[in-house]
Amino acid sequence: KQEVTQIPAALSVPEGENLVLNCSFTDSAIYNLQWFRQDPGKGLTSLLLIQSSQREQTSGRLNASLDKSSGRSTLYIAASQPGDSATYLCAVTYGNNRLAFGKGNQVVVIP
Amino acid sequence: EPEVTQTPSHQVTQMGQEVILRCVPISNHLYFYWYRQILGQKVEFLVSFYNNEISEKSEIFDDQFSVERPDGSNFTLKIRSTKLEDSAMYFCASTREAPLYEQYFGPGTRLTVT
């Protein structure tokens, strides 16, 4: 069974600092990995998708890396802003294309 | 930009009642999913649907649950006899081609069973 873990569970950073969010998964037989953003009581917004053959993916201030063999991904958010405050979810696609999610990294950016 | 929509946004029902949660996936997508998130817990996969049939279901998706694509646009999740533990946020998702493309999620339906 695929297990996804995200560390740290929660963090607070001052505005302008870079954010580093970690995700690990137990089974390296994945198709891809997706990072999502979730605001309280809201749906999931897809941020980045990394295919299993890729090492990283970038979108604006966001950069995600993937090391499939060691079962790890890292999401970097550069120059954090208060609007980046949210929960960030990591999910891997495996099996018959189901997503397995981590519990999330809850981020607070302090102005 | 196309998006997945879900109705209702919040549904309150009594234990033992049937509920139907509705979703309109993105129009050119072919794969559809339901997930749920119990408060404070991980998002969990329930079922995937392709070509008018279930392609995979989790152990959560028992005989109380069913899915249907009644027409060319809607995708529904039915819970026949709700239990207190069915209270959760239910998310619909769709993707163009699995498993290589992103899954796009709807805003969710909060189901409260009393």
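Labels below follow one simple rule: chain letters A, B, ... track the order of the sequence lines, proteins then strands, and each chain is numbered from 1. If you're wondering where the values come from, they're calculated on a predicted model, not measured in any experiment.
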Could you look at Gln37(B) and say if it's the side chain, the backbone, both or neither that has a heavy atom under 4.5 Å from chain A?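 When you check distances to chain A, only side chain atoms of Gln37(B) fall under 4.5 Å.
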Highest number of heavy-atom pairs under 4.5 Å with chain A: which of Val4(B), Thr95(B), Val47(B), Val43(B)?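 Counting heavy-atom pairs under 4.5 Å, the top option is Val43(B).
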Identify which of Ser55(B), Ala93(B), Gly108(B) forms the greatest number of heavy-atom pairs closer than 4.5 Å to chain A.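 Option with the top pair count is Ser55(B).
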Counting only non-hydrogen atoms closer than 4.5 Å, does Tyr31(A) touch chain B with its backbone (N, CA, C, O), its side chain (CB onward), both, or neither?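 The side chain, not the backbone.
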Quick one: what part of Lys42(A) sits under 4.5 Å from any heavy atom of chain B, side chain, backbone, both or neither?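 For Lys42(A), the backbone is the part near chain B, not the side chain.
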Inter-residue atom distance Ser94(B).OG - Gln103(B).CD, 0.5 Å rounding: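 If we round to the nearest 0.5 Å, Ser94(B):OG and Gln103(B):CD are 8.5 Å apart.
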As an exercise, state the distance from CG of Leu19(A) to OG of Ser85(A), rounded to the nearest 0.5 Å.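 Result: 8.5 Å between the selected atoms.
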Can the ring centroids of Phe91(B) and Tyr35(B) be said to lie less than 6.0 angstrom from one another?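 No; Tyr35(B) has its ring centre 6.0 Å or more from that of Phe91(B).
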Phe25(A) ring center near Tyr94(A) ring center (under 6.0 Å):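 No - the distance between ring centres of Phe25(A) and Tyr94(A) does not fall below the 6.0 Å cut-off.
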Can you tell which of Leu89(A), Thr93(A), Asn32(A), Leu48(A) has the highest number of heavy-atom pairs within less than 4.5 Å of chain B?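 Of the options given, most contacts go to Asn32(A).
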Working for side chain to side chain donor-acceptor pair (under 3.5 Å), residues Asn63(A) and Ser65(A): CA-CA 7 Å; Asn63(A) 174 277; Ser65(A) 65; 5.5 Å; no
